[in-house]
Number of protein chains: 2
Amino acid sequence: MTADQSHRRRVSLADVAREAGVSTSAASFALNGRTGVSEPVRERVKAAAEALGYVPWNSAVALRTGRSGAVALLIRNLRNPFFLDVINGFDATCATAGLAVIIGSADYSSDRERELVSTFIAREADGLALAPIGGGDAAARWQKSTGKPLVLINAANHSPQLDVSRAHVDSESAVRQAVDHLRELGHRRIAIVAAPHDRSADDERVDTFRAEMTRHRLEGRVVETAMQHDRAAEVVGAVMREDPATRPTAYITNSDYIASALYFAAAGAGVRVGEDISIVGHDDLSTSRLLAPALSTVAVDRFEIGVAAATLLIQELDGGERDTVVIPATLVPRGSSATAVN
Amino acid sequence: MTADQSHRRRVSLADVAREAGVSTSAASFALNGRTGVSEPVRERVKAAAEALGYVPWNSAVALRTGRSGAVALLIRNLRNPFFLDVINGFDATCATAGLAVIIGSADYSSDRERELVSTFIAREADGLALAPIGGGDAAARWQKSTGKPLVLINAANHSPQLDVSRAHVDSESAVRQAVDHLRELGHRRIAIVAAPHDRSADDERVDTFRAEMTRHRLEGRVVETAMQHDRAAEVVGAVMREDPATRPTAYITNSDYIASALYFAAAGAGVRVGEDISIVGHDDLSTSRLLAPALSTVAVDRFEIGVAAATLLIQELDGGERDTVVIPATLVPRGSSATAVN
DNA sequence: ATGAAAGCGCTAACAG
DNA sequence: CTGTTAGCGCTTTCAT
C-alpha cells in the first residue's frame, strides 16, 4: 500500500504495525502469540503481516533475545558417508523445530575443530551437536564459554567429566557381536582397526575388544591408524603382508568406510577378503552389501542418530533435562566373513 | 581486569575499547583493518581484544551491516553421497573466507525447497548455492526477493532465463563418453535412467543422450523414475524383466548412487551385471570400484564442484562477475560394462 | 489492552 | 587522527 514498499526494502515490523494501525510492540506481541493484545488487533496484525509478506529480521531478533535460532553440527570427518544420514536426520528434525543448521567438518584436525567452535560461538549458535575428534577440547570449550546445550555424537567415553547429552551407537554390543561372530567362525587372531588412542572418540570399542579377547583367550591386536581412507589402507596393508602364520585372520573396523579401505589393502597385499581374511565393518552403508564380497557389518540406524542428537538438543533448549540415547546395533553377516583358514 | 568480567558476560567491543583506552569506533576501525587509526592505537586495541578474548557479536554486525556472514547451501538430495564431497569442498572454501555455511536438504520435495529458501532469506544468508530440483522456482524466488548472489550447482539448463553463476559437470561430454563406450562394446539398445522431465535438473543429459542415439542410429530409451534409491530399483527392475530380445542391454545412470540401485534391480530380476547387462554410472564414488562387478562410471571431482560453487559465490559477494565453471568428466571403464550379448 | 521508549552490540557518519 | 552519536529491527519493561 505504502509507496516506500517499492524498491526491495524489506518490510519491517514497524511497517506491519503501521499497516495494522497499532504500535510495534502490539504487533510484536500479536505475532509472537503472547497475551496482552486483543483478538481483533491480533487478527489485524496477522493480516497485515501476511499482506506485506513480512518476515522477521533474524539478526535483530538474535541481537535482542540472544538467541540465533540456529544450531551447529560439527562433524569430525565429513568424508565418511556415515555422517550423511546423521546430517539428514539432524537437519530434518531441526527443520521441524524451526531451527537452522550450521555445519562444519573438522576433517580430523583439532585445530580446525577448535576454530569451528569459535565460529559457532561467534555466530551465537543456540546449541552444538558434536561428533568430536578424540582428545579435542571442543566440547569443554563450548560448555565453558557459552553454557549452552551440547550433545555429543558417537563419543560415549569422550570428556566423561562433562555432564552433557549424548547420542551414540551401542558400540560395546557392536564389538561384542562382531567378535562373537568371528569367534564362531573359528578366528583366533583378530585385529581391530582404530584411531590412535589419543585421537579416538570411541575408545570403548577398543576397550570392549580387549576385554573380549582376554575373556575368550584370543589373540587380539589393535591396529592404530589415522582414519583417512588411503592412510588406513596403507597401514593395514602392511599388517596383511606379515607372516601368514601369525598375522590376524580377521579384522574389525569402526566403519564401513574404513572397511572399504581394507578391501583396497587386501587387493594390494594379494589376500582375498572372505577367504584368506575376514572383515567385519560397522554402519551398514547401502553400498556395503554390493561390495565383492558383500561386507559383513554391524547395522545402525544413522538417520536415527541424527534425529536423537537434534531431539536432545531441542529438549535442552526448551529447558528440559540432559539425557543419553543409545542406538542399538545389529550384526549383518555377509560374504566378507568366513571360516578361518588357519 | 574489570570486576564485571566475572560471570560469563561476553566481552563487547566497548570492553575492548575501554581496556585499550580508546573509543569504540576507534576499536572498531582498528579491528576491521580500516585506515583512520594510528598504528600504536591499532596495536593497543588488538592486544586488548586478544587479552580479553574478544569475539565480535555476529548478529550485531549483521544487523548493522546487513550482512550475516553466512551463506546457504541447499542440496536437492542429501542421501546421495555425491553431495558429501561437494559439501566438503564448499565448506572448506567458505571457512577460508570466514563464512559460515547453513545447510539444507530438499529431499526432492519442491515444498521443502521453497520452505528452505524462505528460511535462508529470513536468516539473511549472504548468498545461496543451490543444487535445485528440476521444475522448482527456488532460484527465481531467491533472486527476486533478495537480489543476492546465487550459484546453481549441477543444473546447467535450469532456469535458463536467470543470469546466475553456475558450477556443473560437463555432462554432455559425460553422456557422450558413456554412449561411445557402450557403443564400442556393441550395445545397440541403450537406456538412460533419469528423473521425470519436469523434475530433472540436468535435462541436458537426456537431450545429449537422445541426440547421440539418433546420430549413431541406436535404440535409445529414457527410463524415467524418481531418484529415490528403492523407487529407482523398482522401476528399472521392471524394465530388466522385459523381453530379452527387445529390452535394453545397457544402462546409463545419473549417479553411482542410482547405479547401485540398478545392481539391486538386476539381482532381483535375475540378470547379471557385466554379463547380461552393462551399467555405466556417474560420479565415481570411492565404493564404486569395490562393487561386484566394479562399476564403470564417469569420474568427476566432486570436491572441486563444491570449491567452484563457493568460489563463485564469494567472488560475487566481493563484487566480482558472474561466471560459469564446468568441471570435466572422465570415463572409467570397469567390470559392469562388457561386450553386448545380443 | 495499548503505546512510548530503552537498548541489545556494532558500524559509519559526523564533528572536533 | 580520534571521539561522540545515531541508529540497524526487534523485544520488553514501564506507564498509561
Side-chain angles (χ1 to χ4, degrees), chain A residues 2 4-5 8-46 48-49 52-70 98 121-124 126 146, chain B residues 2 4-5 8-46 48-49 52-70 98 121-124 126 146:
Chain A
T2 39
D4 49 324
Q5 197 240 17
R8 194 178 286 143
R9 219 193 95 268
R10 259 182 87 152
V11 304
S12 69
L13 187 58
D15 297 327
V16 174
R18 197 177 318 117
E19 179 81 6
V22 299
S23 71
T24 57
S25 47
S28 173
F29 274 56
L31 258 21
N32 292 340
R34 308 260 279 244
T35 78
V37 52
S38 67
E39 236 6 82
V41 166
R42 190 187 299 276
E43 286 315 313
R44 209 139 34 92
V45 171
K46 279 187 171 170
L52 265 46
Y54 168 71
V55 183
W57 204 292
N58 199 263
S59 46
V61 178
L63 178 58
R64 187 59 234 241
T65 63
R67 273 208 176 200
S68 67
I121 293 174
R123 304 206 90 81
E124 295 146 85
D126 295 335
T146 69
Chain B
T2 39
D4 51 325
Q5 198 241 12
R8 193 178 287 145
R9 219 193 97 266
R10 262 183 85 152
V11 303
S12 68
L13 186 59
D15 297 329
V16 174
R18 198 177 318 119
E19 179 81 6
V22 298
S23 72
T24 55
S25 51
S28 175
F29 274 55
L31 258 21
N32 292 341
R34 307 267 271 256
T35 78
V37 53
S38 66
E39 241 358 89
V41 166
R42 190 186 299 276
E43 286 314 314
R44 209 138 35 90
V45 170
K46 279 187 171 170
L52 265 46
Y54 168 72
V55 183
W57 204 291
N58 199 263
S59 45
V61 178
L63 178 58
R64 187 59 235 237
T65 63
R67 275 208 177 200
S68 67
I121 293 173
R123 305 207 89 81
E124 294 147 85
D126 294 336
T146 70

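Because only heavy atoms are used, hydrogens play no part in the values below, and waters and symmetry mates are left out as well, while side chains stay in. We name chains A, B, ... by the order of the sequence lines, and we start the count at 1 in each one.
The CD1 atom of A:Ile121 sits 11.5 Å away from the CH2 atom of B:Trp57 when rounded to the nearest 0.5 Å. With rounding to the nearest 0.5 Å, the separation of OG1 in A:Thr35 from CZ in A:Arg42 is 8.0 Å. Distance CG/A:Asp15 to OH/A:Tyr54: 9.5 Å, rounded to 0.5 Å.
Listed candidates were D:dG3, D:dG7, D:dG9. Nearest to the side chain of B:Arg64 is D:dG7. Across D:dC1, D:dC10, D:dT4, the shortest atom-to-atom separation from the side chain of A:Val61 is found for D:dC10. If you check D:dG7, D:dC10, D:dC1 against the side chain of B:Ser38, the one that comes closest is D:dC1. Listed nucleotides: C:dG3, D:dC10, D:dT2. Nearest to the side chain of B:Val37: D:dT2. For A:Ser25, the listed nucleotide lying nearest its side chain is C:dG3; candidates were C:dG3, C:dT2, D:dT4. When distances are taken from the side chain of A:Thr24 to each of C:dA5, D:dC1, C:dT11, the shortest belongs to C:dA5.
Between B:Arg42 atom CZ and D:dT2 atom P there is a gap of 10 Å when expressed in whole angstrom units. Taking atom CZ of A:Arg18 as the reference point, atom P of D:dG9 lies 11 Å away to the nearest angstrom. Taking atom CG on B:Leu63 and atom P on C:dA12, their separation rounds to 12 Å, with Å as the unit. Rounded to a whole Å, the CG atom of A:Asp15 is 13 Å from the C1' atom of D:dC10. One atom, CG of B:Asn58, and another, C1' of C:dC8, lie 14 Å apart when rounded to the nearest Å. Here the P atom of nucleotide D:dT2 and the CD atom of B:Glu39 are 10 Å apart, to the nearest Å. Distance OH (A:Tyr54) to P (D:dT11): 6 Å, rounded to an integer number of Å. The interatomic distance linking B:Trp57 (CH2) with D:dC10 (C1') rounds to 15 Å, in whole Å.
Pairing each heavy atom of B:Ala60 with each of A:Leu63, the nearest pair is CB-CD1, 3.8 Å.
Two end axes, each from the C1' atoms of five base pairs, can be drawn for the helix from C:dA1-D:dT16 to C:dG16-D:dC1; they diverge by 50°, to 10 degrees.
A close approach under 4.0 Å does not occur between any side-chain nitrogen or oxygen of B:Ser12 and OP1 or OP2 of C:dG9.
Residues from residues 26-36 of chain A lying near DNA chain D, meaning a heavy-atom separation below 4.0 Å, are A:Ser28, A:Phe29, A:Asn32, A:Arg34 in numerical order.
A:Leu13 is not listed as a side-chain neighbour of A:Pro56, based on a closest heavy-atom distance of 4.5 Å or more.
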